[in-house]
Participant: 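Have a look at the structure that comes next, please.
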Number of protein chains: 2
Amino acid sequence: MNRYPHSTRLLVAIDCIIFGFGGEEIKLLVIKRNFEPERGKWSLMGGFVNEEEDLEVGAERILFELTGLNNIYVEQLQTFGKVNRDPVERTISVVFFALINIHNHDEESVRVHNAAWISLKNRPALIFDHEKMVEIALERLRYKAALHPIGFELLPEKFTIPQLQKLYEAIYDMKLDRRNFSRKILSTGLLVDTGEKNENSATKKATLYRLDKERYESKFHAFWYFMPDL
Amino acid sequence: MNRYPHSTRLLVAIDCIIFGFGGEEIKLLVIKRNFEPERGKWSLMGGFVNEEEDLEVGAERILFELTGLNNIYVEQLQTFGKVNRDPVERTISVVFFALINIHNHDEESVRVHNAAWISLKNRPALIFDHEKMVEIALERLRYKAALHPIGFELLPEKFTIPQLQKLYEAIYDMKLDRRNFSRKILSTGLLVDTGEKNENSATKKATLYRLDKERYESKFHAFWYFMPDL
DNA sequence: TTATTGTTGTGTCGTAATGACACATTCATT
DNA sequence: AATGAATGTGTCATTACGACACAACAATAA
């Protein structure tokens with residue numbers, strides 16, 4: 001079979017938005033560019049799509065390269081293709097966003113890539129249209145976390161309800177009522193009491209829960225209404 | 001500035017999923033391919049991205065070419081990039097989905113392109129991975145219509161509540177309670193009584209409503225919980 | 001040992017939303 | 001005038017939700 005004769009071929013890149021949770025606020029893993037243009041500026045981690053590589057595989061390759069992590073939560077966000085979005089040459093960028101437990105990443109990889117966890121809320125300027133990408137990713141995160149239990153992807157295996165609440169408060173940048181939150185979360189039946197307590201606390205030690213994986217998987221696509229007034 | 005030297009360039013296509021509503025069921029506007037491979041099979045309407053054209057502009061161009069319509073509801077669905085998805089040559093496809101009033105399209109354009117409205121539910125096989133695209137688009141439609149008032153995009157300017165209900169029943173392939181549906185829809189305040197009645201009815205003529213555009217735009221991003229148990 | 005302080009866990013109460021369901025109205029047909 | 005099919009509106013019991021108060025716990029200080 002002969003190839004399509006007409007039509008121009010374009011550069012296709014993958015950019016990754018990597019969210020983490022520091023306990024108080026949502027963080028973004030970005031790299032400091034060490035090449036022109038925009039050398040020294042902050043940028044999302046990215047790369048070009050290899051010739052014989054599926055998009056999702058490319059995203060996982062890039063995520064692994066920076067974090068040393070496999071099997072993390074990744075989903076395709078959107079594709080950005082404005083003609084002049086990359087000043088060097090027209091490049092279509094397929095953007096993915098990932099949620100990781102911030103304590104699990106490989107620090108050596110991060111150092112090698114000149115990467116850093118920055119505050120999402122008070123983030124510095126990013127290159128090109130990466131700013132817009134992050135905006136849309138945050139929207140998606142808020143949207144999704146209000147309806148599906150994806151927040152857990154940002155927490156360690158064992159976590160307390162107050163920690164979980166802090167996470168949701170960070171995502172939506174709002175205060176939540178402790179009692180109503182707890183009631184709602186527990187009513188999902190997704191949490192299993194481990195019997196252990198959070199020993200790091202200086203006051204009353206909160207119970208550590210873990211996710212009921214089976215219930216999580218089977219109920220993932222059901223709708224929850226976690227947030228009061230989105 | 002010099003261009004990126006490394007990295008291969010790929011074909012980038014746009015495919016469009018076009019939904020319409022026939023009064024009883026959801027329809028899909030597809031074309032019969034008149035070239036190889038897969039000549040004679042059903043396919044989504046698509047095209048390649050032009051060198052100096054934004055993705056959204058390309059989508060609108062392709063949609064206009066087939067339907068003769070401008071300013072319709074379009075949103076980016078997802079990008080499909082499996083290595084072998086197109087047997088001819090690797091092609092990345094950015095997929096958009098559009099909602100139109102089925103009675104507004106230009107019939108001449110449809111004839112020229114060998115296009116036809118087919119039933120979504122009992123659809124024939126589609127080429128390549130277009131089947132998967134439609135599946136995901138339907139999921140998105142269901143997801144979105146449960147939370148945002150996008151259903152109206154599929155109806156004529158003036159419509160009755162029973163028509164609207166039929167639409168939702170078609171989208172979700174389920175029966176809904178007349179009284180509860182009506183209550184819920186009216187409580188949104190999005191509908192304005194035109195004072196007219198549906199004269200096509202052989203029994204009691206239902207009141208024709210129109211959308212309160214201002215309220216629609218301002219409340220579009222709010223969450224509704226239209227559907228009972230998704 | 002006891003009091004203090006900050007945090008966690010659980011319960012109540014009134015209101016609003018929801019699903020299940022029944023009855024009256026309208027209009028063409030007979 | 002009666003019939004039948006579809007539309008419009010109302011009720012009721014249950015549940016979910018937001019606002020709020022109090023008891024239990026653990027480290028620290030007195």
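Order of the sequence lines sets the chain letters (A, B, ...), proteins ahead of strands, with each chain counted from 1.
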Participant: Can you tell me which nucleotide in C/dT10, C/dC21, C/dT8 comes closest to the side chain of A/Arg179?
Facilitator: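 Ranking C/dT10, C/dC21, C/dT8 by closest atom to the A/Arg179 side chain puts C/dT10 first.
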Participant: Do A/Tyr209 and A/Phe159 have ring centres separated by under 6.0 Å?
Facilitator: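 No.
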Participant: Please report the distance, rounded to the nearest Å, between CG in B/Leu164 and P in D/dG8.
Facilitator: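 Answer to the nearest Å: 12 Å.
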Participant: Within the 4.0 Å heavy-atom criterion, would you say B/Thr207 contacts the bases, only the backbone, or no part of the nucleic acid?
Facilitator: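 Sugar-phosphate, backbone atoms only, no base.
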Participant: Could you check how far NZ of A/Lys175 sits from C1' of C/dT7, rounded to whole Å?
Facilitator: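 Going from A/Lys175 (NZ) to C/dT7 (C1'), I get 13 Å.
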Participant: So that I know where these two stand, are B/His221 and B/Tyr216 an aromatic pair - ring centroids less than 6.0 Å apart?
Facilitator: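 Ring centres of B/Tyr216 and B/His221 not closer than 6.0 Å.
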Participant: What is the distance, to the nearest angstrom, from the CZ atom on A/Arg183 to the C1' atom on C/dG9?
Facilitator: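 Roughly 14 Å, once rounded to whole Å.
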Participant: Among the candidates C/dC21, D/dT9, C/dT10, find the nucleotide nearest to the side-chain atoms of A/Ser182.
Facilitator: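 Nearest listed nucleotide: C/dT10.
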Participant: Taking only the side-chain heavy atoms of B/Pro162 (C-beta and beyond), determine which of C/dT10, C/dT18, D/dG8 contains the nearest atom.
Facilitator: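 Per side-chain heavy atoms of B/Pro162, the pick is D/dG8.
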Participant: Can you tell me if NZ on B/Lys158 sees more than 12 non-hydrogen neighbours from other groups inside 6.0 Å?
Facilitator: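 No, NZ of B/Lys158 has 12 or fewer neighbouring heavy atoms, counting only those of other groups under 6.0 Å.
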Participant: Given atom CD of B/Glu169 and atom P of D/dA6, what is their separation to the nearest angstrom?
Facilitator: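 That distance rounds to 13 Å.
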Participant: Please report, rounded to the nearest Å, how far the P atom of C/dT18 is from the CG atom of B/Leu186.
Facilitator: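 Value for this atom pair: 13 Å.
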Participant: Under the ring-ring contact (aromatic ring centres under 6.0 Å, His included) criterion, do A/Trp117 and A/His105 qualify, and how do the steps go?
Facilitator: CA-CA 11 Å; A/Trp117 287 100; A/His105 74 270; 5.7 Å; yes
Participant: Between C1' on C/dT8 and CG on A/Asp193, what's the gap in Å once rounded to a whole number?
Facilitator: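 Whole-Å distance recorded here is 13 Å.
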Participant: Specify the separation, in whole Å, of atom CG of A/Leu176 and atom P of D/dA19.
Facilitator: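 That distance rounds to 11 Å.
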Participant: What one-letter contact string describes nucleotides 24-30 of chain C from 5' to 3', where B marks a base within less than 4.0 Å of any protein heavy atom, S marks contact via sugar-phosphate atoms alone, and - marks no contact?
Facilitator: -BBSS--
Participant: Would you say B/Tyr73 and B/Glu75 are linked by a side-chain donor-acceptor pair, where the criterion is simply a distance under 3.5 Å?
Facilitator: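 Looking only at side-chain atoms, B/Tyr73 and B/Glu75 do form a donor-acceptor pair, the distance falling under 3.5 Å.
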